[in-house]
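Position 1 is the first residue of the sequence, and the numbers go up from there.
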Amino acid sequence: QVSLVESGGASVQAGGSLRLSCASSASILSMMCMGWFRQAPGKEREGVANIFKPDGTTYYADSVKGRFTISLDNAKNALYLQMNSLEPEDTGMYYCASSHSGDMCYALIAGEFGYWGQGTQVTVSL
């Protein structure tokens with residue numbers, strides 16, 4: 001069983017930066033796709049960024065392209081999300097997720113992921 005634990009969420013002002021981390025209790029070597037999702041109150045969970053582990057290809061939601069960067073440290077079994085130029089619309093609970101399948105990694109679809117963390121809150125104010 002894989003346990004994912006997110007950290008790094010905080011309250012920041014618009015224009016600020018945060019770095020989220022996701023630690024895995026087990027080796028992520030068998031995972032093909034890992035990603036970050038977020039959910040704002042009253043809204044559906046949406047994909048933010050994914051990384052296809054075999055070749056490191058990254059995928060981003062249009063709303064975060066150029067501002068967010070996803071990265072992976074296999075040696076530490078850790079996933080990161082660097083978030084710059086934060087906007088109030090980025091507010092939400094951020095979740096780390098992983099999947100043994102990489103076929104749909106590009107699609108940023110929550111249903112493709114079998115392992116989830118509990119989330120870390122990001123709040124961006126004006």
Side-chain angles (χ1 to χ4, degrees):
Q1 185 70 13
V2 176
S3 175
L4 303 173
V5 180
E6 304 93 337
S7 62
S11 294
V12 298
Q13 289 191 323
S17 298
L18 284 174
R19 186 189 193 216
L20 304 184
S21 299
C22 173
S24 174
S25 63
S27 172
I28 58 174
L29 290 178
S30 64
M31 298 298 171
M32 295 295 284
C33 181
M34 298 191 71
W36 289 95
F37 291 76
R38 68 187 180 190
Q39 188 166 18
K43 294 187 177 181
E44 293 186 356
R45 191 169 298 190
E46 63 173 349
V48 175
N50 284 355
I51 184 166
F52 181 62
K53 287 183 70 272
D55 62 10
T57 301
T58 56
Y59 306 94
Y60 296 94
D62 288 343
S63 59
V64 306
K65 282 181 181 176
R67 300 188 299 122
F68 291 11
T69 302
I70 187 172
S71 61
L72 186 66
D73 187 331
N74 284 305
K76 296 183 178 179
N77 292 328
L79 182 72
Y80 305 98
L81 184 69
Q82 178 66 43
M83 306 187 295
N84 299 327
S85 302
L86 284 162
E87 304 169 352
E89 293 75 20
D90 296 317
T91 294
M93 186 70 76
Y94 281 69
Y95 299 90
C96 170
S98 64
S99 173
H100 289 295
S101 173
D103 293 348
M104 298 292 289
C105 198
Y106 66 92
L108 303 174
I109 297 174
E112 294 294 316
F113 291 80
Y115 302 98
W116 291 86
Q118 294 300 306
T120 185
Q121 178 67 36
V122 172
T123 303
V124 185
S125 59
L126 289 171

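- Here the OG1 atom belonging to T120 is positioned 11.5 Å from the CD atom belonging to Q118, to the nearest 0.5 angstrom.
- Between F37 and F113, the ring planes are perpendicular. Angles over 60° get that label, and only those under 30° would be called parallel.
- Cluster membership check: Y95 does not share its hydrophobic cluster with M34, using side-chain heavy-atom separations under 4.5 Å among Ile, Leu, Val, Met, Phe, Trp and Tyr.
- In this structure, V2 and S24 approach most closely via the heavy-atom pair CG1-OG, 3.6 Å.
- Put simply, the side chain of E6 gets close to the backbone of C96: a donor and an acceptor are under 3.5 Å apart.
- Put simply, OG on S21 and CG on L79 are 9.0 Å apart, with the number rounded to the nearest 0.5 Å.
- Counting all heavy atoms, side chain and backbone alike, V122 lies closest to G9 at CG2-CA, 4.1 Å.
- Between Q13 and V124 the shortest heavy-atom distance is C-CG1, 4.0 Å.
- Closest heavy-atom contact between S101 and D103: OG-N, 3.4 Å.
- Here CG of L20 is found 4.5 Å from CH2 of W36. Values are rounded to the nearest 0.5 Å.
- By the rule that hydrophobic residues join a cluster once side-chain heavy atoms approach within less than 4.5 Å of another member, L72 and Y80 end up as members of separate clusters.
- Atoms NZ and SG, from K76 and C22 in turn, are 14.0 Å apart once rounded to the nearest 0.5 Å.
- As a member of the Ile/Leu/Val/Met/Phe/Trp/Tyr network built from side-chain separations under 4.5 Å, M32 groups with F52, Y59, M104, Y106, L108, I109.
- Q121 is listed as a side-chain neighbour of T91, based on a closest heavy-atom distance under 4.5 Å.
- Smallest separation of non-hydrogen atoms from S17 and N84: OG-OD1, 3.0 Å.
- The distance from atom OG of S99 to atom CH2 of W116, rounded to the nearest 0.5 Å, is 10.0 Å.
- Taking CE from M83 and OG1 from T69, the interatomic distance works out to 11.0 Å, rounded to the nearest 0.5 Å.
- Screening residues 28-39 for salt bridge (charged side-chain N to carboxylate O under 4.0 Å, His left out), with sequence neighbours left out, gives R38-E46, R38-D90.
- Under the 4.5 Å side-chain heavy-atom criterion for Ile, Leu, Val, Met, Phe, Trp and Tyr, L81 and Y115 are members of the same hydrophobic cluster.
- The heavy-atom pair separating T58 from I70 by the smallest distance is CG2-CG2, 3.6 Å.
- Judged purely by atom type and a 3.5 angstrom limit, N50 uses its side chain to pair as donor or acceptor with the backbone of C105.
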